Amino acid sequence: MYMSMVYAFLFVFIVCLIGTAFVDALFRFLGKRGLLGNLFSNVRGGTPRGVGIIPAIILSFYLLPGYNDLVLIIAIFAFIDDIFGRRKFSFMNIEIGQFSRGIGMLLVMIVGFIHGFGLSSIIIAFLIQPLNISDMQPGSCAMVTMVMSIVTLICMMIFGSVPVKELPAVYTPLLIFVVCLAYSPLDFAGKIMLGEVGNHSFAVALGIAFYLTGGFWWTLLLTIFTVCFTAFVRRNTLKVFFRQRLRLLDPTFGDFIMDVLTGGGLGDLLRKWILKDKQYEVTNEILIALGFRRLLFNPYAIHTEGFVSNKPSNLDGGD
């Protein structure tokens, strides 16, 4: 059985490696001729976006029945997000991509409940947020995905409530690792982007692996670890982002964690609805350490100089 699983993983690795290279070449060819729209970014001289459709398809086919449909659902709605980007509905002030992503997350929760994941289905859907934020720089989402798949496998072997010899337990994190490893070389090189379809699919697949480790509490614990690890991986770029875009000159690690938890388009949309045009200043040292300045930063507010720290800070983003 083990040798057959090794051959299966080798086959999956080769398919993902070749498929990623093919989609990269195809998207690059079409994108340079202006035929791909939002699926081809001008970043780094032209970068295909949404190449994560290959890992998404593979995970949708090769995850075990009862789990794979969750990845397929989020992949479909996330790819719609990739296609439409920041375009808005003509009849309401909301982005088509945000709306599609939200519908996909709701469906993941509902179908997860049907499959017996219980409250863990909510956490699995929420895991999309930190993986989406991790995909803001080359290779970071791939790094988080591969590290967390290995951490999950180790936790299964040491602490898991399911015997590690059972195929469903070990198969899922190993499959995620192999697929991401095959996809990742061009991503680490900054040549391609996962897009929402890729990082969302990896997020849901990881969430399933977390659940297989031991149910709700392991899903919650490994999700918290994923958030913290993502904040650590992105700490330098987040530091620059905070200083240049948010005018927060002395960010704490709590701010990095809060950005991973609440950053991005959906987080800003919620801030717009809740905070409207107000900006609340946070002065309590404990709340500052916990990242409440990032949590309450409202990009739609008129900011005062009081929000900016007076502490001297190096603006180059280095340590």
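Model, not experiment: these values are computed from the prediction. These numbers come from the heavy atoms of this one structure, side chains and all, not from hydrogens, waters or symmetry mates.
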Aromatic ring proximity Phe9/Tyr62, centre distance under 6.0 Å
no
Do the non-hydrogen side-chain atoms of Asp259 and Phe256 ever get within less than 4.5 Å of each other?
no
So, do Val240 and Asn236 sit near enough that their side-chain heavy atoms are less than 4.5 Å apart?
no
Hey, does the side chain of Asn298 reach the backbone of Lys278 with a donor-acceptor pair shorter than 3.5 angstrom?
yes
CG (Leu194) and CG (Asn199) are apart, to the nearest 0.5 Å, by 6.0 Å
How long is the straight-line distance from OG1 of Thr152 back to CZ of Phe210, given to the nearest 0.5 Å?
4.5 Å
Dump the intermediate steps for side-chain contact (heavy atoms from CB on, under 4.5 Å) on Ile257 and Cys228, then the final yes or no.
CA-CA 6 Å; Ile257 291 177; Cys228 295; 4.1 Å; yes
Are any side-chain N or O atoms of Ser100 and backbone N or O atoms of Phe77, one a donor and one an acceptor, separated by less than 3.5 Å?
yes
Non-hydrogen atoms of Pro48 and Asp24 that approach each other most closely
CG-OD1, 3.4 Å
In terms of hydrophobic clustering (I, L, V, M, F, W, Y; side-chain heavy atoms under 4.5 Å; direct or indirect links), are Val147 and Leu59 co-clustered?
yes
Applying the 4.5 Å side-chain criterion to the ILVMFWY set and letting contacts propagate, would Ile154 and Val178 be lumped into a single cluster?
yes
Given 3.5 Å as the limit, does a donor-acceptor pair link the side chain of Thr252 with the main chain of Ile288, or not?
yes
Got Leu26 and Leu30 here, is their nearest side-chain heavy-atom distance under 4.5 Å?
yes
Determine whether Thr226 and Leu131 make a side-chain contact, defined as any pair of heavy atoms from C-beta on separated by less than 4.5 Å.
yes
Report whether Ile224 and Met258 are members of the same hydrophobic cluster (ILVMFWY, side-chain heavy atoms less than 4.5 Å apart, transitive linking).
no
If the test is salt bridge (charged side-chain N to carboxylate O under 4.0 Å, His left out), which one of Arg293, Arg235, Arg294 qualifies with Asp255?
Arg293
When you group the ILVMFWY residues by side-chain heavy-atom contacts below 4.5 Å and let the links chain together, are Phe216 and Leu70 in the same group?
no
What's the spacing between Leu63 CG and Ser201 OG if we round to 0.5 Å?
9.5 Å
Surrounding CG of Asn42 (heavy atoms of other residues, nucleotides or ligands, distance under 6.0 Å), is the total greater than 12?
no
Arg28 (side chain) donor-acceptor with Phe40 (main chain) under 3.5 angstrom:
no
Which of Phe225, Phe159, Tyr211 passes ring pair (Phe, Tyr, Trp, His ring centres under 6.0 Å) with Trp218? It is Phe159
So Thr237 and Met136, do their side chains get closer than 4.5 Å, heavy atoms only?
no
Side chain Gln279, main chain Leu296, donor-acceptor under 3.5 Å:
yes
Looking at side-chain heavy atoms only, is the closest gap between Met193 and Arg44 below 4.5 Å?
yes
Check: Ile83 and Asn38 side chains under 4.5 Å, non-hydrogen atoms:
no
Verdict with reasoning, Thr262 to Arg271, per side-chain contact (heavy atoms from CB on, under 4.5 Å):
CA-CA 9 Å; Thr262 69; Arg271 290 182 181 90; 2.5 Å; yes
Donor-acceptor contact below 3.5 Å, side chain Tyr183 vs main chain Ala142
no
If you round to the nearest 0.5 Å, how far is CG of Leu153 from CD1 of Ile158?
9.5 Å
Do Cys155 and Leu222 come within less than 4.5 Å of each other through their side chains, counting heavy atoms only?
yes
Heavy atoms from other residues, nucleotides or ligands near CZ of Phe22 exceed 12 (cutoff 6.0 Å):
no
Quick one, Leu295 with Phe292, criterion side-chain contact (heavy atoms from CB on, under 4.5 Å). Give me CA distance, side-chain angles, the key distance, then yes/no.
CA-CA 5 Å; Leu295 175 64; Phe292 272 68; 3.9 Å; yes
For residues Leu212 and Leu220: do they belong to one hydrophobic cluster (side chain heavy atoms under 4.5 Å, members Ile, Leu, Val, Met, Phe, Trp, Tyr)?
no
N/O donor-acceptor pairs under 3.5 Å from side chains in residues 108-130, not counting sequence neighbours:
residue, atom, partner, partner atom, Å
His115, NE2, Asp69, OD1, 3.2
His115, NE2, Asp69, OD2, 2.6
Ser121, OG, Met109, O, 3.3
Ser121, OG, Gly118, O, 2.7
Gln129, NE2, Val260, O, 3.2
Gln129, NE2, Gly263, O, 2.7

If you measure from OG1 on Thr219 to CG on Leu206, what distance do you get to the nearest 0.5 Å?
11.5 Å
Please evaluate residues Asp187 and Ser184 with respect to the criterion side-chain hydrogen bond (donor to acceptor under 3.5 Å, both in side chains), reporting the C-alpha separation (whole Å), side-chain torsions for both, the decisive distance (0.1 Å), and the verdict.
CA-CA 5 Å; Asp187 196 314; Ser184 65; over 6 Å; no
Find the distance between SG (Cys16) and CG (Leu175) and round it off to the nearest 0.5 Å.
9.5 Å
In terms of side-chain geometry, is the basic nitrogen of Arg49 or Asp82 positioned less than 4.0 Å from the acidic oxygen of its partner?
no
Would you say the ring centroid of Phe232 lies under 6.0 angstrom from that of Phe253?
no
